[in-house]
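For reference, the structure discussed in these notes is given below.
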Amino acid sequence: MSQVKDLPRLAEQPVTVSGWIASVRVHARVAFVVLRDGTGVVQGVVVKSAVSEDTWALVTSLTQESCVAVGGVVREDARAPGGYELTVSDVELIGASDEYPIQPKEHGVEFLLDHRHLWLRSSMQRAGLKVRAEVEQAIHDFLYGRDFVRIDTPILTGAIGESAGTLFETDYFGERAFLAQTGQLYVESACPAFRKVYCFGPTFRAEKSKTRRHLTEFWMVEPEVAFADSNDNMTLQEAFVCYMVERALERCGPELEVLGRDLSRLESVVAPFPRISYCEAVERLNAEGRKFEWGRDLGAVEETLISDWFDRPVFVYNYPKEAKAFYMKENPADPRTVLCNDLLAPDGYGEIIGGSQREDDLDRLLARIREEGLPEEAYEWYLDLRKFGTFPHSGFGLGLERTVGWITGRPHIRELVPFPRLINRLKP
RNA sequence: UCCCGCGUAGCUCAGCUGGUAGAGCAGACGGCUGUUAACCGUCGGGUCGCAGGUUCGAGUCCUGCCGCGGGAGCCA
């Protein structure tokens with residue numbers, strides 16, 4: 001059996017290709033059968049006088065998404081999409097398909113998500129998920145190439161990551177358990193064992209968000225590096241993001257074309273990225289007439305304004321303490337702030353990375369936990385890391401779907417995960 | 001949780017200031033040597049989201065509920 005992607009090398013040769021019917025156009029004496037096999041799409045030409053009566057009858061009755069094996073000869077022909085087509089001699093029906101719900105036309109979001117298991121076959125969806133897979137591979141390759149050790153962190157947890165209000169709770173043999181919303185505390189633990197580590201997996205947030213940038217289950221990669229300060233952290237993020245974009249440009253050209261992505265917007269994504277402190281950002285926002293009070297966290301509107309100042313992703317660093325999580329290290333130069341950064345993607349895609357240097361001083365960390373009213377006993381093991389050889393370290397979390405959403409230029413990140421989990425959507 | 005918008009055929013939608021429903025696609029049948037979401041013709045297909053209300057009369061106006069979409073907050 002041959003694959004569609006190999007057909008240009010098999011010109012004038014007889015082949016058999018198996019796949020699914022994208023469309024059939026039947027005329028009086030000739031029919032066109034468009035076949036998708038997962039490696040590509042090819043048009044088969046069936047001439048009535050050249051095939052058996054049974055074959056013609058089968059071809060003219062084929063429906064969208066029927067699975068078939070098609071035998072024929074590969075021909076170069078300018079009229080064929082892709083330049084090559086199949087002159088069909090015989091067709092075998094493998095699996096019939098009656099009244100396939102998704103038509104080659106506009107559909108509503110709800111309908112498409114209800115049929116996500118079938119929607120995956122559509123060209124835009126295949127392109128988006130292919131880019132996702134490439135970016136995932138790029139993540140592993142980049143970190144492997146820099147001697148990071150992958151640490152798989154638990155999904156069922158007793159400890160708490162950030163804020164307790166947004167956790168999915170479940171029963172664990174009579175005990176309360178939570179689905180992990182970050183693997184950070186665990187990679188911090190593995191840091192003294194391997195120096196550079198990362199985790200990459202699904203995370204869960206019970207936030208009732210209804211925006212194009214939110215999922216309740218999303219994938220996050222979280223590198224953590226010993227002896228790295230906040231600046232080192234940003235430099236790593238910059239190289240990391242550049243590498244992902246490079247890989248997408250290098251290996252997903254056809255997919256980005258299907259998606260209609262403006263490649264010049266991606267080609268400008270090269271280091272160094274601009275770095276602007278929270279204080280500078282607030283100053284500039286106010287100078288531009290947007291009233292914004294120092295101390296508040298930046299909202300979606302402010303993030304978009306800031307990212308529009310630049311042609312590539314931008315770091316906003318050292319936010320006020322109150323706006324950020326308890327584990328971030330106090331800024332010695334300005335104790336109102338912490339050593340942290342967000343990375344804002346261009347074109348309104350918002351925050352794709354949140355990172356920080358971690359608080360490595362036991363007393364300060366404990367004080368912060370108490371200030372936030374967090375359950376101290378849940379963090380006992382985490383505090384141990386500051387008792388037994390504490391060390392400066394930094395890390396960050398990059399949201400995969402947001403990053404791929406930005407790279408592909410899709411309007412909503414729900415399309416960049418095979419089976420999105422959203423508020424009100426658990427199926428299919 | 002809050003704000004805005006939308007629920008009409010399997011799908012995407014039209015239906016003006018109230019007079020009990022229409023198109024395209026999909027499906028079935030017929031026609032057409034090369035189409036690119038082919039085209040042309042014929043046919044079948046509807047508790048107008050649900051429940052009340054106003055009215056002689058409601059898809060259309062009002063109220064409530066449900067569902068969906070977009071945004072805010074929160075975050076990646």
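Chain A is the first sequence line, chain B the second, and so forth, proteins listed ahead of strands; every chain is numbered from 1. Predicted, not measured: the structure shown is a model, and the values here were computed from it.
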If pairing requires Watson-Crick or G-U wobble contacts with both distances under 3.5 Å, which nucleotide is the partner of B/G30?
-> B/C40
Looking for any heavy atom pair under 4.0 Å, which part of the strands does A/D342 touch: base, sugar-phosphate only, or nothing?
-> nothing
Which residue lies toward the 5' end of RNA chain B, A/P411 or A/L215, if each is placed at its nearest nucleotide?
-> A/P411
Ring geometry between A/Y278 and A/Y319 (parallel below 30°, tilted from 30 to 60°, perpendicular above 60°) | tilted
B/G71 phosphate, OP1 or OP2: any side-chain N/O from A/K210 under 4.0 angstrom?
-> no
Establish, with yes or no, whether the OP1 or OP2 oxygen of B/U35 is under 4.0 angstrom from a side-chain nitrogen or oxygen of A/R25.
-> no
Ignoring backbone atoms, test whether A/N424 places a side-chain nitrogen or oxygen under 4.0 Å from the OP1 or OP2 oxygen of B/C68.
-> yes
Would you say the side chain of A/Q103 and the base of B/U12 hold a donor-acceptor pair, judged only by whether the two atoms sit under 3.5 Å apart?
-> no
Considering just the side-chain nitrogens and oxygens of A/R205, establish if one lies under 4.0 Å of OP1 or OP2 belonging to B/C74.
-> no
In Å and rounded to the nearest 0.5 Å, what is the CZ to OG1 distance from A/R132 to A/T408?
-> 11.0 Å
Is there aromatic stacking of A/H27 against B/G34, centre distance under 5.5 Å, plane angle under 30°?
-> no
Pairing partner of B/A51, by Watson-Crick or G-U wobble and under 3.5 Å for both distances, is B/U63
Mark yes or no for a side-chain to base donor-acceptor pair under 3.5 Å between A/R29 and B/U33, with no hydrogen or angle criteria applied.
-> no
Return yes if the base of B/G73 and the side-chain atoms of A/S209 contain a donor-acceptor N/O pair under 3.5 Å, otherwise no.
-> yes
Distance test, side-chain N/O of A/R414 to OP1/OP2 of B/G70, below 4.0 Å = yes
Answer with yes or no whether A/H214 presents, from its side chain, a donor or acceptor under 3.5 Å of a partner atom in the base of B/C75.
-> yes
Are OP1 or OP2 of B/A38 and a side-chain N or O of A/S23 less than 4.0 angstrom apart?
-> yes
Aro-ring/base stack A/F32-B/G34, d under 5.5 Å, angle under 30° | no
Is a donor-acceptor contact shorter than 3.5 angstrom present between the side chain of A/R402 and the base of B/C75?
-> yes
On RNA chain B, more 5' by nearest nucleotide between A/R212 and A/S61 is A/S61
